[in-house]
Protein chains: 2
Amino acid sequence: MKKPATTVETIATTCIAGRIRVLNRVITNLYDNALRPFGMKLSQGNVLAVTAKLGVARPAQVCEILKLDTSTLSRTVDRMVDNGWLEVVPDDDGRSHPFRLTDQGRQLMERIIPAWEKAQVEAARLLGEDTLRMLDAAILRINMLDEH
Amino acid sequence: MKKPATTVETIATTCIAGRIRVLNRVITNLYDNALRPFGMKLSQGNVLAVTAKLGVARPAQVCEILKLDTSTLSRTVDRMVDNGWLEVVPDDDGRSHPFRLTDQGRQLMERIIPAWEKAQVEAARLLGEDTLRMLDAAILRINMLDEH
DNA sequence: CGACGATTGTTGCGTATACAAATTTCGTGA
DNA sequence: TCACGAAATTTGTATACGCAACAATCGTCG
């Protein structure tokens, strides 16, 4: 039964969030480098992928899945519409602004797959199998909380 | 020996980086909320903590530890100097701009500890012990690469 | 000494991120 | 119907992040 006695000097190495952020930067840069030739970054790629899965996507729904603030997604979608990868579709409910992939967006997804797979292999090698299993578990737990 | 046959619809749920980013957003928000009463966000808290550990810190060194681009740190340090938490110290080598905590910065660190600990407990509960172990392992592997 | 390459940071620019506040539209109850 | 609260999204503002280009300083080799 030892009391940890946190000191400012120990926080740097023990902070869970700090270490997740380091991980995030390293891995994100890896994918961003892989996607750069296509003029696309991972954050937009994720939106594209989720939209591909949903068919027609409502912003709130995508934000729920990606745990993104709606204001963040709003501007990301703007850029992707400008790039010709997404298009807004009309909806009965005037408050809703659903969107979907354009043909160009779907073609881009297809073209990107090899680069994405390469980054995926690299990331898996870098992190190790155990880490990947734990990532699955962590995401599961996070998603469970929302449904509760 | 099955070929995975990646399709655009499956990428959303399998992308390692995408899931790490989700994790990062959830956990970062948790700590940012805890630190908000102190006018401080986690990203600055990490710089503060690393600086506390180093005593006198050189930018390149902090960037190496946090895997941050030097341009990002440069501007974060500016803000923290403006806030009175860091001070730049002179150096023989005119290229170097090392910095350290001010008294005010160290006092802030001390005051923050309870809130940080609370977030830390919450994050640990949310992620589970196994995930924390994987985080240790992942960071270790990442740091090993640099030394190689 | 003096030019040149290497080291160390900073600036310009565009995207990503979230909170707070504003906006638009919807549903409902008087 | 119309007024008001709820729901869905956008705007305003500030920080975080990285790449490319620039700036400043240092070492060294001739």
Side-chain angles (χ1 to χ4, degrees), chain A residues 17-18 20-48 57-64 66-83 85 88-99, chain B residues 17-18 20-48 57-64 66-83 85 88-99:
Chain A
I20 289 181
R21 288 174 70 82
V22 169
L23 205 59
N24 181 54
R25 282 191 287 266
V26 171
I27 301 296
T28 293
N29 287 343
L30 200 152
Y31 284 72
D32 278 351
N33 290 338
L35 297 182
R36 186 161 308 120
F38 304 92
M40 140 96 73
K41 301 222 292 178
L42 178 61
S43 42
Q44 299 192 16
N46 287 143
V47 173
L48 211 56
R58 293 184 310 104
Q61 190 181 11
V62 174
C63 288
E64 168 60 28
L66 293 177
K67 306 288 183 261
L68 261 178
D69 192 87
T70 58
S71 65
T72 300
L73 181 65
S74 178
R75 284 174 263 236
T76 296
V77 169
D78 282 350
R79 291 183 196 106
M80 294 176 72
V81 169
D82 289 345
N83 286 338
W85 302 333
V88 175
V89 303
D91 192 282
D92 288 342
D93 189 331
R95 294 169 298 185
S96 183
H97 281 204
F99 51 85
Chain B
I20 288 181
R21 289 174 70 81
V22 169
L23 204 60
N24 180 55
R25 282 190 289 265
V26 171
I27 301 296
T28 292
N29 288 343
L30 199 152
Y31 284 72
D32 278 351
N33 290 338
L35 298 181
R36 184 160 309 120
F38 304 92
M40 140 97 71
K41 301 221 292 178
L42 178 61
S43 41
Q44 299 192 16
N46 287 145
V47 172
L48 210 56
R58 294 185 310 103
Q61 190 183 9
V62 174
C63 287
E64 168 58 29
L66 293 177
K67 307 288 182 253
L68 261 179
D69 192 88
T70 58
S71 65
T72 300
L73 181 65
S74 177
R75 285 175 262 235
T76 296
V77 168
D78 282 349
R79 292 184 194 104
M80 294 176 71
V81 168
D82 290 345
N83 286 337
W85 302 332
V88 174
V89 303
D91 193 282
D92 286 343
D93 188 332
R95 292 169 298 184
S96 184
H97 281 206
F99 51 85

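We name chains A, B, ... by the order of the sequence lines, and we start the count at 1 in each one.
In terms of phosphate contacts, B:His97 brings a side-chain nitrogen or oxygen within less than 4.0 Å of OP1 or OP2 of C:dT10. Distances shown here put a side-chain N or O of B:Arg21 below 4.0 Å from the OP1 or OP2 atom of C:dT17. Residue A:Gln61 places no side-chain N or O under 4.0 Å from the OP1 or OP2 atom of D:dA8. Between A:Arg79 and C:dA16 there is a side-chain N or O to OP1 or OP2 distance below 4.0 Å.
Across the interface with DNA chain C, nearest-nucleotide mapping of B:Leu73 and B:Val26 shows B:Leu73 to be the residue nearer the 5′ end. Position along DNA chain C of the nearest nucleotide to B:Arg58 versus A:Arg95 favours B:Arg58 as the more 5'-ward residue.
When heavy atoms are screened at a 4.0 angstrom cut-off, A:Leu68 is found touching the sugar-phosphate backbone but no base atom. Counting non-hydrogen atoms under 4.0 angstrom, A:Asn33 reaches the backbone sugars and phosphates but no base. Counting non-hydrogen atoms under 4.0 angstrom, B:Asp78 reaches nothing in the nucleic acid. Across all strands shown, A:Ser43 has heavy atoms under 4.0 Å from sugar-phosphate atoms exclusively, and none from any base. In this structure, A:Asp93 reaches the sugar-phosphate backbone alone: every heavy-atom distance under 4.0 Å involves primed, P, OP1 or OP2 atoms, never a base.
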* Derivation of the side chain to side chain contact (heavy atoms under 4.5 Å, CB included) call for A:Leu73 and A:Val47 -> CA-CA 8 Å; A:Leu73 181 65; A:Val47 173; 3.9 Å; yes
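Here the CD atom belonging to B:Gln44 is positioned 5.5 Å from the CE atom belonging to B:Met80, to the nearest 0.5 angstrom.
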